[in-house]
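Atoms within a ligand are numbered from 1 in the order they appear, just like the ligands themselves.
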Amino acid sequence: MSKRTCKVLRAGPGAGMLSYRTYPKHPAQPRVCQPQGLPAAVRRGAKRIYRLPVLTAPFCQALLQELEHFEQSDMPKGRPNTMNNYGVLLHELGLDEQLVTPLRERFLQPLTALLYPDCGGGWLDSHRAFVVKYAPGQDRELGCHYDNAELTLNVALGKAFTGGALYFGGLFQAPSALARPLEVEHVVGQGILHRGGQLHGARPLGTGERWNLVIWLRASAVRNRLCPMCCRKPDLVDDEGFGDGFTREEPPVVDVCALT
Ligand SMILES: O=C(O)CCC(=O)C(=O)O
Ligand SMILES: [Fe+2]
């Protein structure tokens, strides 16, 4: 099964680049999310945003060094997404298969299967992973948006900075989705897990530099039915790598016994 991109998201060069939609864009489409199999206290968190330890501080430092080497090199570089101008795509560093896939399969999926069974948490089969960078004279904040992902993990890597907190509203389809947003501070090595359809953004950076690893987690079983960005049945075109995480079942090849 090869990976595919929904045609409506491919309006420009660079497949997978049009992965953001800013709010508001789509008709209301309320959905009820009721995860089962977890203690009631965990289920009650209305916004269903979780903080979890992901990377050690020394690993974050080593990764930052590697990212800076890459940034300073003259290797060809793509933009992490259509809203962030600065950062690195992890597959360009060769870290997708070595780092992100095992992280998704072994560490995240057992958790997301319990926390978000209604959002494909048990069926993650691809991702788009990148690091976003905020610094004086570069990007400083990120507008409110939702992700081209069923679920998103956002891990703070450092460095030293002030400001830049994340804020979260409700699902983008909800009428009052941005009422009373929840502010979440960054802690190096810790990840924030949230639903991709949840409105969020980043407050302006005060001082210093902020680098965060963002993994858009995708479940083809969910998005093949309904594209999370255009909210329609996806109209697919072939793409490279994971594409935008859609798949198309190839018609089965049936062996027949030729008797004639
Ligand atoms: O600035 C951040 O850490 C948030 C990034 C984000 O929301 C995204 O890339 O989808
Ligand atoms: Fe995002």
Side-chain angles (χ1 to χ4, degrees), residues 9 14 16-26 47-52 54-55 60 63-64 67 77-92 96 100 104 108 116 119 126-136 138-173 177-178 181-218 223 228-229 242 244-245:
L9 301 177
M17 286 298 287
L18 292 179
S19 292
Y20 273 109
R21 272 281 160 89
T22 41
Y23 171 80
K25 278 267 161 50
H26 293 298
K47 292 206 195 295
R48 299 176 65 190
I49 297 169
Y50 303 94
R51 182 190 288 283
L52 59 156
V54 181
L55 302 173
C60 290
L63 183 57
L64 279 176
L67 290 163
K77 303 171 187 88
R79 271 174 71 188
N81 55 58
T82 52
M83 287 177 81
N84 287 87
N85 297 297
Y86 299 88
V88 175
L89 285 158
L90 276 240
H91 73 82
E92 292 185 343
D96 233 4
V100 185
R104 164 167 59 80
L108 295 174
Y116 308 100
C119 309
S126 73
H127 58 261
R128 179 177 175 88
F130 49 90
V131 170
V132 290
K133 179 191 175 193
Y134 300 86
Q138 300 186 357
D139 289 338
R140 300 198 66 117
E141 63 191 296
L142 186 62
C144 189
H145 66 280
Y146 55 94
D147 299 337
N148 186 349
E150 277 60 62
L151 300 167
T152 297
L153 178 74
N154 182 327
V155 187
L157 300 176
K159 304 177 174 179
F161 61 89
T162 59
L166 301 178
Y167 60 92
F168 290 91
L171 289 184
F172 75 88
Q173 302 99 328
L178 258 189
L182 176 76
E183 296 249 345
V184 180
E185 296 293 339
H186 301 278
V187 179
V188 168
Q190 297 198 355
I192 305 297
L193 197 53
H194 64 90
R195 289 167 293 174
Q198 188 137 23
L199 286 180
H200 60 284
R203 301 283 184 218
L205 184 76
T207 55
E209 270 182 30
R210 176 167 80 82
W211 299 65
N212 280 54
L213 167 63
V214 178
I215 307 177
W216 287 351
L217 300 160
R218 289 156 169 179
R223 61 182 39 226
M229 306 311 277
F242 284 136
D244 275 333

Chemist: With a 3.5 Å distance limit and no angle check, can you tell me whether Asp139 reaches the backbone of Asn85 through a side-chain donor-acceptor pair?
Modeler: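 Yes; judged by distance alone, with no hydrogens or angles, the pair exists.
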
Chemist: Considering the heavy atoms of Trp216, write down every atom of ligand 1 situated less than 4.0 Å from one of them.
Modeler: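 This gives 10 (O) as the contact atoms.
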
Chemist: Which atoms of ligand 1 sit under 4.0 Å from any heavy atom of Phe130?
Modeler: 9 (O)

Chemist: Give the numbers and elements of all ligand 1 atoms closer than 4.0 Å to a heavy atom of Asn81.
Modeler: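 Every atom of ligand 1 under 4.0 Å from some heavy atom of Asn81: 9 (O).
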
Chemist: Quick one: report the N, O or S atom of His145 that is nearest to the Fe ion (ligand 2).
Modeler: NE2

Chemist: With a 4.0 Å cut-off, would you call Glu150 and Arg218 a salt bridge?
Modeler: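 Looking at Arg218 together with Glu150, the answer is no, because their closest N to O distance does not fall below 4.0 Å.
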
Chemist: So if I count the atoms of ligand 1 from 1 in the order they appear, which ones are less than 4.0 Å from some heavy atom of Tyr134?
Modeler: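 The atoms of ligand 1 under 4.0 Å from a heavy atom of Tyr134 are 1 (O), 2 (C).
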
Chemist: I need the minimum non-hydrogen distance between Glu183 and Ala165, along with the two atoms involved.
Modeler: OE1-CB, 3.6 Å

Chemist: Looking only at N, O or S atoms in Asp147, which is nearest to the Fe ion (ligand 2)?
Modeler: OD1

Chemist: For atom 2 (C) of ligand 1, state which one of Arg210, His186, Arg128, Lys133 supplies the nearest heavy atom.
Modeler: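 Selected option, by shortest heavy-atom distance: Arg210.
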
Chemist: For the residue pair Glu209 and Phe161, what are the closest heavy atoms and their distance?
Modeler: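 Looking at all heavy atoms of both residues, the shortest contact is O-CD2, 3.5 Å.
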
Chemist: May I ask you to identify, for His145, whether its side chain, its backbone, both or neither come under 4.0 Å of ligand 1 on a heavy-atom basis?
Modeler: side chain

Chemist: Ignoring hydrogens, what is the shortest heavy-atom contact between Pro136 and Gly208? Give both atom names and the distance.
Modeler: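 Closest pair (atom of Pro136, atom of Gly208, distance): CD-O, 3.3 Å.
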
Chemist: Hey, which atoms in ligand 1 end up nearer than 4.0 Å to a heavy atom of Ala202?
Modeler: 1 (O)

Chemist: Taking Gln198 for the side chain and Lys47 for the main chain, is one N or O donor matched with an acceptor at less than 3.5 Å?
Modeler: yes

Chemist: Given that the side chain starts at C-beta and the backbone is N, CA, C, O, which of these parts of Thr152 lies under 4.0 Å from ligand 1, counting heavy atoms, or is it both or neither?
Modeler: neither

Chemist: Can you tell me how the ring of Tyr146 sits relative to the ring of Phe172, calling it parallel under 30°, perpendicular over 60° and tilted otherwise?
Modeler: parallel

Chemist: Mark up the atoms of ligand 1 that fall under 4.0 Å of a heavy atom belonging to Asp147, in ascending order.
Modeler: 10 (O)

Chemist: Identify whether NZ of Lys or CZ of Arg in Arg128 sits under 6.0 Å from the centre of the six-membered ring of Phe242 and within 45° of that ring's axis.
Modeler: no

Chemist: Just which atoms of ligand 1 are under 4.0 Å from any heavy atom in Asn154?
Modeler: 2 (C), 3 (O), 4 (C), 5 (C)

Chemist: Checking side-chain contact (heavy atoms from CB on, under 4.5 Å) between Ile192 and each of Leu153, Ile49, Thr152, which is the one that passes?
Modeler: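 It is Ile49, the one option of Leu153, Ile49, Thr152 that forms the side-chain contact (heavy atoms from CB on, under 4.5 Å) with Ile192.
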
Chemist: For Leu142, take its heavy atoms, then give the atoms of ligand 1 lying under 4.0 Å from any of them.
Modeler: 4 (C), 5 (C), 6 (C), 7 (O)

